[in-house]
Amino acid sequence: MSEANRVLYLRIALIVVGLLCIFGFYPLTIIWPSGWAWGQGHSHYLMMILGIYATLGVFLLVASRDPDAHKSIIWFTVWSSVVHGAIMAWQAFSDAGDRGHLLGDVPALFLVAIVLGLLMQMGSSDRVTTATATR
């Protein structure tokens, strides 16, 4: 994949993930609470996590303008998604009432981590090869 295509796909992925973080998570908790909403009934946790993810979404939209200038927020998204997904998977396996998350937000977090991580990794290997070739 060319560097231009990688950046284009990364920008698209950042926009999609950013918009989902801002506008998509809350509706998913209403439509499919067993796959997306943790806690029973009204949850202060839910509003807190939605606020955190909406904020992350804004920063991912900013990063989509120039991904190379915003590597740290993209890598934070990758690794925090892996950690968050792993913790949620553990909790879902531990509590039968939360098993729906294994088909909802858990795989979604891992998908975000994989897509963004691969697109970022592809760029770093291209730059290393280019830098090595010019020496």
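- Atom-to-atom distance recorded for Met1:CE and Leu8:CG is 9.5 Å, nearest 0.5 angstrom.
- With a 4.5 Å cut-off on side-chain heavy atoms, Ser64 and Leu60 do not count as touching.
- Contact annotation: the side chain of Asp98 approaches that of Trp38 to within less than 4.5 Å [non-hydrogen atoms, C-beta and beyond].
- Two residues are said to be in side-chain contact when any heavy atoms from C-beta on lie closer than 4.5 Å; His70 and Phe59 fail this criterion.
- With hydrogens and angles ignored, the 3.5 Å screen pairs no side-chain donor or acceptor of His101 with any backbone N or O of Val106.
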Checklist entry - So Leu56 and Ile73, side-chain contact (heavy atoms from CB on, under 4.5 Å) or not? Walk me through it. => result CA-CA 8 Å; Leu56 176 62; Ile73 191 68; 4.0 Å; yes
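- Between Asn5 atom CG and Met122 atom CE the span is 9.0 Å, to the nearest 0.5 Å.
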Next on the checklist: Applying side-chain contact (heavy atoms from CB on, under 4.5 Å) to Leu118 and Arg6, what does each step give before you reach the verdict?
Outcome noted: CA-CA 10 Å; Leu118 285 175; Arg6 180 197 71 85; over 6 Å; no
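- With rounding to the nearest 0.5 Å, the separation of CH2 in Trp90 from CG in Asp95 is 13.0 Å.
- You'll find the side chain of Ile15 stays beyond 4.5 Å of the side chain of Arg65, heavy atoms only.
- In this structure the side chain of Leu61 reaches within 4.5 angstrom of the side chain of Ile22, judged on heavy atoms.
- Atom CG of Asp105 is separated from atom CZ of Phe110 by 10.5 Å, given to the nearest 0.5 angstrom.
- Remark: Trp32 engages Ser34 in a side-chain hydrogen bond (donor to acceptor under 3.5 Å, both in side chains) (not counting sequence neighbours).
- Around the CH2 atom of Trp79, the shell of radius 6.0 Å holds no more than 12 heavy atoms that belong to other residues, nucleotides or ligands.
- Contact between Ser81 and Val112 at its shortest, heavy atoms only, is OG-CG1, 4.0 Å.
- Met48 and Leu28 fall within a single hydrophobic cluster, where Ile, Leu, Val, Met, Phe, Trp and Tyr side chains are chained together by heavy-atom contacts under 4.5 Å.
- Of all heavy-atom pairs spanning Gly104 and Pro107, the tightest one is O-CD, 3.3 Å.
- To the nearest 0.5 Å, atoms CG (Leu50) and SG (Cys21) are separated by 10.0 Å.
- Note on ring orientation: taking the six-membered ring where Trp is involved, the planes of Tyr53 and Phe25 are perpendicular (angle over 60°, cut-offs 30° and 60°).
- Taken together through direct or relayed side-chain contacts under 4.5 Å among Ile, Leu, Val, Met, Phe, Trp and Tyr, Trp75 and Leu111 form part of one hydrophobic cluster.
- Both Phe76 and Ile52 belong to a common hydrophobic cluster when Ile, Leu, Val, Met, Phe, Trp and Tyr are linked at side-chain heavy-atom distances under 4.5 angstrom.
- Under 4.0 Å is where a charged nitrogen must lie from a carboxylate oxygen, and between Asp66 and Lys71 no such pair does.
- Expressed to the nearest 0.5 Å, how far CG of Leu119 lies from CD of Gln121 amounts to 11.0 Å.
- Between the Arg11 side chain and the Pro67 main chain, no donor and acceptor come within less than 3.5 Å of each other.
- Side-chain atoms of Met88 and Phe93, non-hydrogen and from C-beta on, never get closer than 4.5 Å to each other.
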